[in-house]
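Shown next, in structure tokens, is the structure this report addresses.
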Amino acid sequence: MQIIPYPNRSEWPALLARPTQSMANIEKAVAPILEQVQKEGDAALRALALKFDKIDLTEIAMPPATVAAAEASLTEELKAAIRQAYANIRKFHETQYQPVQKIETMLGVTCWRRSVGIEKVGLYIPGGSAPLFSTVLMLGVPAQLAGCKEIVLCTPSDHPAILYAAQLVGVTKIFRIGGAQAIAAMAYGTESVPKVYKIFGPGNQYVTAAKMLLAKEGVAIDMPAGPSEVAVYADGSAVPAFVAADLLSQAEHGADSQVLLVSTDKKFLASVNITLSTQLEALPRKELARKAIENSKAILVEDEAEAIDLLNEYAAEHLILSVSNAEEICEKIINAGSIFLGNYTPESCGDYASGTNHTLPTNGHARAYSGVSLDSFVKKITVQHITPEGLKALGPTVEAMAEAESLHAHKRAVSLRLSSLK
Ligand SMILES: NC(=O)c1ccc[n+]([C@@H]2O[C@H](COP(=O)([O-])OP(=O)(O)OC[C@H]3O[C@@H](n4cnc5c(N)ncnc54)[C@H](O)[C@@H]3O)[C@@H](O)[C@H]2O)c1
Ligand SMILES: N[C@H](CO)Cc1c[nH]c[nH+]1
Ligand SMILES: [Zn+2]
């Protein structure tokens, strides 16, 4: 990994830019795919599956026999791991339920909010470079807890663990389609794929661009969750081999991933680089990780304050704080998707099974977006009830405001009722 010693702050934006292809180029490739699916429906899905995934789709829906056979083809060890992850993710997301809080803003005027699960949701499960069955749990558990009635899942993979996890979380329909075309199918609907009200899930740049383009058309999406990334801030108390392993864990997601190492300790950066090369060579799928590491940087900073500023500017999807005062630094981080504290909290645990959600904003979007949570799957409907006494107290305020806005029918809706109470 290239070591950048003490860059000036003016160099940070270029240094911290992600190695993504220009959005304009990706959008140019994705826009015709969206149009084709909207116009030709299932026929487009078949043609695009053949073109991009080399799959000859006779059935767009996953055959029920394939789904039913999934459980039997997995080892007991893997099924137990998936069930443990499911339980932990469920436990963490259950804490996100918010009790209804009724508040009397004035005597006789009561307001509250109801949380209602979004009726029809679409989950995208990546399957290009790896079958991410863990993502089924990350999206399916909060959808299940929210009470979503129709849970549609699209993936280019027919890996049995995806199908097993889908059954655990109560997915209602599974389709063997991937990429931008899967996102378009869930947004517009086709003969086979139902149109949903909100689309969730991570994916490569084509998937993310499709979600972003459709969001401009008014389709609800969770967030831009593109190529994975991790930033590690480490001091002399960190273990170089652990840090190198964490960096490689996100680099192996794809050539367009990026990892970042930040430290005030020059010797530490050099030690990480040595063990990183050895660990990289030992990886079975080293080519993707090697490309990502080529796009990555180890940055030497002056002091802790500069490290914190740089990390906040980068707004990493994942941030590992391998420093002796990790909790103290954590409080100073204002931009990150998910934070991992200390030497024994590998980011992989959050990817799979600790309980937090791994669907997180990438490419700097952590400045404004949160990761997926129970909230992402519910709408909040406000409710109010006003008693006659409440209307007597509140009515004059509303009448005065409506009059000043020249909205006389608004005023009359109050005045008529007030007169009836005299
Ligand atoms: N941010 C997050 O929360 C998060 C979580 C998990 C995974 N990820 C990321 O998800 C991504 C998964 O990517 P993936 O590629 O393995 O799987 P994917 O399922 O996202 O994409 C595969 C699809 O891309 C389409 N495609 C491939 N080449 C294309 C081309 N030239 N033009 C148009 N479409 C094309 C194909 O239809 C294929 O089905 C990785 O980058 C990973 O880092 C992110
Ligand atoms: N690191 C990914 C999120 O960026 C999630 C994942 C799934 N499987 C392994 N990792
Ligand atoms: Zn990962």
Side-chain angles (χ1 to χ4, degrees), residues 18-21 25-34 36-37 44-45 47-55 57 85 123-139 153-159 161-162 165 175-185 200-211 222-230 245-259 285 288-289 291-292 316-318 320 337-338 340 346-354 356-366 369-372 376:
R18 275 67 169 181
T20 46
Q21 282 190 46
N25 286 341
I26 298 278
E27 284 184 359
K28 248 186 238 158
V30 166
I33 297 176
L34 303 186
Q36 195 181 345
V37 174
L45 297 179
L48 294 163
L50 199 59
K51 180 174 178 186
F52 293 118
D53 299 301
K54 311 286 172 269
I55 306 172
L57 277 186
L123 316 183
Y124 183 75
I125 306 303
S129 58
L132 298 192
F133 60 83
S134 50
T135 306
V136 179
L137 302 177
M138 297 296 171
L139 301 178
L153 184 156
C154 289
T155 179
S157 164
D158 62 355
H159 194 287
I162 291 185
F175 298 95
R176 177 92 194 268
I177 47 174
Q181 58 273 24
I183 304 298
F200 295 80
N204 63 18
Q205 296 182 60
Y206 301 101
V207 169
T208 309
K211 284 169 63 187
D222 49 357
M223 82 197 93
S228 303
E229 53 196 42
V230 64
D246 288 337
L247 295 171
L248 286 169
S249 78
Q250 294 311 288
E252 78 172 345
H253 272 294
D256 48 11
S257 279
Q258 188 192 62
V259 299
R285 291 156 40 105
L288 290 181
K291 285 240 168 65
E317 179 197 12
H318 307 103
I320 300 179
S338 197
F340 300 75
E347 191 272 330
S348 304
C349 287
D351 274 354
Y352 290 104
S354 55
T356 60
N357 207 291
H358 81 201
T359 311
L360 296 164
T362 55
N363 202 14
H365 287 292
Y369 286 89
S370 322
V372 161
S376 319

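Start at 1 and go down the list; that is how both ligands and their atoms are numbered. Fair warning: this is a prediction, and the values are worked out from it, not measured in the lab.
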Side chains of [X] and [Y]: does their closest heavy-atom pair fall under 4.5 Å?
| X | Y | answer |
| --- | --- | --- |
| T208 | H365 | no |
| E317 | S228 | yes |
| Q250 | D351 | yes |
| M223 | V372 | yes |
| N357 | M138 | yes |
| V207 | I183 | yes |
| Y206 | I33 | no |
| K211 | P224 | no |

Is the shortest N/O to N/O distance between [X] and ligand 1 below 3.5 Å?
| X | value |
| --- | --- |
| T362 | no |
| T135 | no |
| I33 | no |
| P126 | no |

Contact check, G127 vs ligand 1, heavy-atom distance below 4.0 Å: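 It does, in that a heavy atom of G127 comes within the 4.0 Å cut-off of ligand 1.
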
Separation between [atom1] of [X] and [atom2] of [Y], rounded to the nearest 0.5 Å:
| X | Y | atom1 | atom2 | answer |
| --- | --- | --- | --- | --- |
| L248 | S348 | CG | OG | 10.5 Å |
| L132 | H358 | CG | NE2 | 6.5 Å |
| H253 | R285 | NE2 | CZ | 9.0 Å |
| Q258 | T362 | CD | OG1 | 11.0 Å |

Looking at ligand 2, would H318 count as a contact under a 4.0 Å heavy-atom criterion?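 Contact check H318 vs ligand 2: positive.
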
Shortest protein contact, [atom] (heavy atom only):
| atom | result |
| --- | --- |
| atom 8 (N) of ligand 2 | S134 OG, 3.4 Å |
| atom 17 (O) of ligand 1 | G128 N, 3.0 Å |
| atom 31 (N) of ligand 1 | Y206 OH, 3.3 Å |
| atom 18 (P) of ligand 1 | Y124 OH, 3.6 Å |
| atom 41 (O) of ligand 1 | P227 CA, 3.4 Å |
| atom 2 (C) of ligand 2 | H253 NE2, 3.4 Å |
| atom 4 (C) of ligand 1 | P202 CB, 3.2 Å |
| atom 24 (O) of ligand 1 | N204 ND2, 3.0 Å |
| atom 43 (O) of ligand 1 | S228 OG, 2.7 Å |
| atom 9 (C) of ligand 2 | Y352 OH, 3.3 Å |
| atom 32 (N) of ligand 1 | F52 CE2, 3.2 Å |

With atoms numbered from 1 as shown, which atoms in ligand 1 lie under 4.0 angstrom from a non-hydrogen atom of [X]?
| X | value |
| --- | --- |
| A225 | 1 (N), 2 (C), 3 (O) |
| G179 | 23 (C), 24 (O), 25 (C), 37 (O), 39 (O) |
| T359 | 3 (O) |
| V207 | 20 (O) |

Within less than 2.8 Å of the Zn ion (ligand 3), any N, O or S from D351?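 It does; at least one qualifying atom falls short of 2.8 Å.
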
H253 backbone or side-chain N/O/S under 2.8 Å from the Zn ion (ligand 3):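 Yes, H253 qualifies, because one of its backbone or side-chain N, O or S atoms lies under 2.8 Å.
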
Specify the closest pair of heavy atoms between [X] and [Y], including all atoms of both residues, with the distance to one decimal.
| X | Y | result |
| --- | --- | --- |
| D222 | G201 | OD2-N, 2.8 Å |
| L57 | A49 | CD1-CB, 3.8 Å |
| L139 | P202 | CD1-CD, 4.3 Å |
| Y124 | T135 | O-CG2, 4.2 Å |
| A251 | V259 | N-CG1, 3.9 Å |
| E347 | S249 | OE1-OG, 3.8 Å |

With backbone taken as N, CA, C and O and side chain as the heavy atoms from C-beta onward, which portion of [X] lies under 4.0 Å from ligand 1: side chain, backbone, both, or neither?
| X | answer |
| --- | --- |
| Q205 | neither |
| L132 | side chain |
| P156 | side chain |
| Q250 | neither |

Which is closest to [atom] in terms of heavy atoms, [options]?
| atom | options | value |
| --- | --- | --- |
| atom 39 (O) of ligand 1 | D351, T208, D53 | D53 |
| atom 1 (N) of ligand 1 | H358, M223, H253, E317 | E317 |
| atom 9 (C) of ligand 1 | G371, G226, G337 | G226 |
| atom 5 (C) of ligand 2 | M138, E347, H358, E317 | H358 |

Should you measure from each heavy atom of Q250, which atoms of ligand 2 turn up under 4.0 Å away?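 That gives atoms 1 (N), 2 (C), 4 (O) of ligand 2.
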
If you measure every N/O of E229 against every N/O of ligand 2, is any gap under 3.5 Å?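 No; every N/O pair is 3.5 Å or more apart.
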
Consider every N or O of S228 and every N or O of ligand 2, then say whether any pair is closer than 3.5 Å.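 Yes, S228 has an N/O under 3.5 Å of an N/O on ligand 2.
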
